Protein chains: 2
Amino acid sequence: MNLLCQTTAVDVQKVQELRKEMPEEDSVRALSRIFRVLGDPTKAKILYALSRSELCVCEISALLGLTQSAVSHQLRVLKDLNLVRFRREKKMLYYSLADRHVYSLIDQTLSHVTE
Amino acid sequence: MNLLCQTTAVDVQKVQELRKEMPEEDSVRALSRIFRVLGDPTKAKILYALSRSELCVCEISALLGLTQSAVSHQLRVLKDLNLVRFRREKKMLYYSLADRHVYSLIDQTLSHVTE
DNA sequence: GATTCATATGAACATCTGCTCATACGTGCA
DNA sequence: TGCACGTATGAGCAGATGTTCATATGAATC
């Protein structure tokens with residue numbers, strides 16, 4: 001039962017005011033989609049590595065100690081979110097970071113957690 | 001089988017060099033822990049709201065349309081990560097944001113996704 | 001001590017997630 | 001066209017996650 005606690009009407013007003021300031025549901029969902037990606041250590045490392053150098057799937061695999069299939073699955077997700085791009089060189093695909101904003105988030109947060 | 005593709009030794013070197021630049025595993029885990037929190041729309045909204053105003057559990061519940069129990073569970077996680085703090089006023093607990101860095105992440109990313 | 005109210009916690013459940021394994025697909029080459 | 005190599009995809013599995021429900025706990029008051 002969603003009742004506010006036994007307090008004054010001021011609190012209902014506070015909630016009303018705040019409701020207007022809250023970001024739209026779509027914005028929150030888009031925001032969380034990006035953060036969820038970085039919430040996975042594997043994806044975070046892939047994005048970090050790709051911000052430093054373009055890499056092919058098996059280079060990423062070797063760097064992180066994962067199977068080619070696992071890396072490919074993660075790249076699929078990152079591609080769908082437009083966070084990485086690739087260029088083809090014969091049968092090789094070279095991936096790189098496509099969204100500088102995400103790199104900025106990682107960089108800031110790394111500084112923060114190693115403070 | 002973790003084999004690099006049939007390329008030159010340059011790629012092995014590239015991976016070696018990159019391995020030195022990668023953040024430490026502990027840092028990556030700490031980073032992902034923060035991002036995982038923001039990856040949940042509910043927690044993201046709670047943190048946003050608490051950056052604007054201190055709120056009690058049932059105010060948050062009313063604002064977001066969640067049960068008191070659901071809000072309390074989320075606050076538990078946020079407290080454990082030192083992202084929120086509270087002050088007591090008789091039997092009421094008022095929560096607020098404790099980590100400006102997280103607000104900064106949310107703010108930047110909201111700007112980014114609403115571009 | 002009993003009652004009321006605010007908050008926290010645990011169990012259970014449904015859903016989601018990341019990896020492995022097997023296999024399909026795309027490209028280049030002979 | 002067939003083969004080799006690089007990459008992608010689907011199914012399955014184990015573990016993680018967020019909410020609900022029931023109940024416990026904490027603080028204040030009488």
Side-chain angles (χ1 to χ4, degrees), chain A residues 1-8 11 15 28-29 32-47 50 54-81 84-96, chain B residues 1-8 11 15 28-29 32-47 50 54-81 84-96:
Chain A
M1 172 184 273
N2 268 340
L3 280 182
L4 260 62
C5 41
Q6 303 278 342
T7 55
T8 66
D11 301 299
V15 168
V28 176
R29 289 206 179 286
S32 288
R33 202 165 2 204
I34 293 180
F35 285 124
R36 197 152 41 242
V37 160
L38 297 174
D40 169 32
T42 297
K43 290 193 194 69
K45 286 188 273 191
I46 291 176
L47 289 169
L50 292 182
E54 66 170 10
L55 300 163
C56 65
V57 174
C58 62
E59 287 167 339
I60 297 173
S61 171
L63 178 68
L64 305 184
L66 293 171
T67 61
Q68 168 269 323
S69 168
V71 172
S72 201
H73 271 297
Q74 301 296 4
L75 286 171
R76 159 56 53 200
V77 174
L78 298 176
K79 261 191 278 186
D80 287 346
L81 294 173
V84 300
R85 69 167 78 87
F86 64 91
R87 73 172 174 87
R88 178 185 293 278
E89 190 178 294
K90 295 201 183 260
K91 62 189 176 189
M92 304 292 300
L93 292 181
Y94 289 95
Y95 287 87
S96 59
Chain B
M1 175 183 269
N2 270 338
L3 281 182
L4 259 64
C5 41
Q6 305 279 340
T7 57
T8 67
D11 300 302
V15 168
V28 175
R29 290 208 176 282
S32 289
R33 200 169 2 215
I34 294 180
F35 283 123
R36 193 150 48 244
V37 160
L38 297 174
D40 170 33
T42 297
K43 289 192 195 68
K45 286 188 273 191
I46 291 176
L47 289 169
L50 293 182
E54 65 170 10
L55 301 163
C56 65
V57 175
C58 62
E59 286 168 340
I60 297 174
S61 171
L63 178 67
L64 304 185
L66 292 171
T67 61
Q68 170 269 324
S69 167
V71 172
S72 202
H73 271 298
Q74 301 295 4
L75 285 170
R76 160 55 53 201
V77 174
L78 297 176
K79 261 190 279 187
D80 287 346
L81 294 173
V84 301
R85 68 168 77 89
F86 65 90
R87 72 173 175 88
R88 181 185 291 277
E89 190 178 295
K90 298 203 180 249
K91 61 189 178 187
M92 303 292 300
L93 291 181
Y94 288 96
Y95 286 88
S96 59

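Treat the numbers as computed from the prediction; the structure is a model and nothing was measured. Proteins come first, then strands; the chains are lettered A, B, ... in the order of their sequence lines, and each starts at number 1.
- In this structure, the NE2 atom of A:H73 is 15 Å from the P atom of C:dA24, given to the nearest Å.
- Annotation: of the two residues near DNA chain D, B:K43 and A:C56, the 5′-most nearest-nucleotide partner is A:C56.
- Between the CG atom of B:D40 and the C1' atom of C:dT17 there is a distance of 14 Å, given to the nearest Å.
- Within the 4.0 Å cut-off from OP1 or OP2 of C:dC19, not a single side-chain nitrogen or oxygen of A:T67 is found.
- When the nucleotides D:dT20, C:dC21, D:dA8 are ranked by their closest atom to the side chain of A:V57, D:dA8 comes out on top.
- A straight line from CG of A:L78 to P of D:dA8 spans 11 Å, rounded to a whole angstrom.
- B:R76 has its CZ atom 17 Å from the C1' atom of D:dT19, to the nearest Å.
- The two atoms that bring A:Q74 and A:D40 nearest to each other are NE2-OD2, 3.6 Å, heavy atoms only.
- D:dC5 atom P lies 16 Å from atom CG of B:D11, rounded to whole Å.
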Quiz item: Could you run down nucleotides 22-27 of chain D 5' to 3' and tag each one B, S or - for protein heavy-atom contact under 4.0 Å?
Solution: B----S
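- Nearest heavy atom pair, residue B:Y95 against residue B:L50, reads O-CD2, 3.4 Å.
- Spacing between atom OH of A:Y95 and atom C1' of D:dG6 amounts to 10 Å, rounded to whole angstrom units.
- What separates CD1 of A:I60 from P of C:dG18 is a distance of 16 Å, to the nearest Å.
- Across all non-hydrogen atoms, the minimal contact from A:R36 to B:G39 is NH1-O, 2.6 Å.
- Atom CG in A:L66 sits about 17 Å away from atom C1' in D:dG6, given to the nearest Å.
- Between B:F35 and A:F35, the angle of the ring planes stays under 30°, which puts this pair in the parallel group of the 30/60° scheme.
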